[in-house]
Amino acid sequence: MTAMRDLDGSVLALSGGIGGAKLALGLSHLVVPEKLIIVANTADDFEHLDLSVSPDIDTLVYTLAGLSNDELGWGRRGETWNFMTALEAIGGPRWFRLGDGDLAMHVERSHRLRAGETLSDITADIARRLGIGLTLLPMTDDRVRTRLETDEGWLDFQDYFVRRACAPMVRSVVFAGSETATPQPMLMRALAHPRLRAVVICPSNPFISIEPILSLPNVRAAIAACPAPVILVSPIIGGKSVKGPTAKMMRELGQTPSAVAASRCYEGLLDAVIVDHKDAGTTAAEHGAAVFPAHTLMRTLEDRRVVAAKVLDVADSLAGKVA
Ligand code: GDP
């Protein structure tokens, strides 16, 4: 069972994969594990070779456990590929790569899900076994799946993201199953807590990493009503994504890619946005939130810590001032 925690003074962060995990790691160096809750997007999850794959949870687990492959930008450090080589030799699919160590994660998760455990309990147990002390939660234990309407028709998320390498033009995005999914109960408890320290929206893709979390019943309203400061770290720096299709998707959805456009994805929710120094000229009126410039490109561990420290400073400076 996911442990009951005293949520007083806790930091709650909403995260996708790579961008989110960078800030989550920084926060994990500054906030005691008992007071840090990371909520992962699970709308990227899919079934491959009859295995349940949860890419954003796994990126967070590997990153927070110090096991991530920093050269590849995904998967595990020191990974070997015997399984893929053997699979390809007998005609198996090669478009989605599963390393040997990573495979263990998917096999174990799939088998435990089939035995009736929840994704929340499995994730908590695996995180604990890998030495992660903070609370890592899937956004829901129910099945939610991102589907994209593109110039090539409707695509499942991984078909768009991995098989087609984000090349198709996106027209709209839906989260199948989200209307009837139950948000993870600790997420809702934290948002309703009168003394939460901060809600952090990590620098993740707004359309496919954070919006699935916000689309769950009552989550957006709970964030809007949350007494804690809600702070975004912009995933767009100087009009560009650091990685991935965020800026490309903004253009395809009719927006000019910018830090302001990122904030506008969270209209009515934000108290503050941390933008890069490159975007320091943008105003609170444009963002709909107080603007705090910082160095937000997180290349090193120290960068991750500095951005996390800025988030906490901003949160504490706003404490008691937000509705
Ligand atoms: P995914 O689920 O693996 O695609 O990862 P996320 O959705 O969590 O992160 C993708 C977003 O993170 C992109 O919009 C990137 O621009 C952003 N991002 C990645 N690294 C950084 C960084 O160092 N600083 C900032 N500000 N944004 C970043």
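Residue numbers start at 1 and run along the sequence shown. Order of listing sets the numbers, starting from 1, for every ligand and every atom in it.
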For Arg264 against Gly288, the heavy-atom pair lying closest together: NH2-N, 3.6 Å
message: Strictly by side chain to side chain donor-acceptor pair (under 3.5 Å), give each pair with a member in residues 9-37 just once, sequence neighbours left out.
response: His29-Arg305
field: Under 4.0 Å from ligand 1 - residues by heavy atom, chain and number
entry: Gly16, Gly17, Ile18, Gly19, Gly20, Lys22, Asp56, Phe161, Pro203, Ser204, Asn205, Ser209, Ser234, Pro235, Ile237, Ser241, Val242, Lys243, Thr246, Thr296, Leu297, Met298
query: Restricting to pairs with a member in residues 254-263, which pass salt bridge (charged side-chain N to carboxylate O under 4.0 Å, His left out), not counting sequence neighbours?
result: none
- request: Return the orientation label for the Trp95 and Phe46 ring planes: parallel under 30°, perpendicular over 60°, tilted otherwise.
  value: tilted
- prompt: Is there side-chain contact between Asp279 and Ser234, with heavy atoms separated by less than 4.5 Å?
  reply: no
message: Give me each pair satisfying side chain to side chain donor-acceptor pair (under 3.5 Å) with a member in residues 208-231, each pair once, sequence neighbours excluded.
response: Ser178-Ser215, Glu211-Arg220
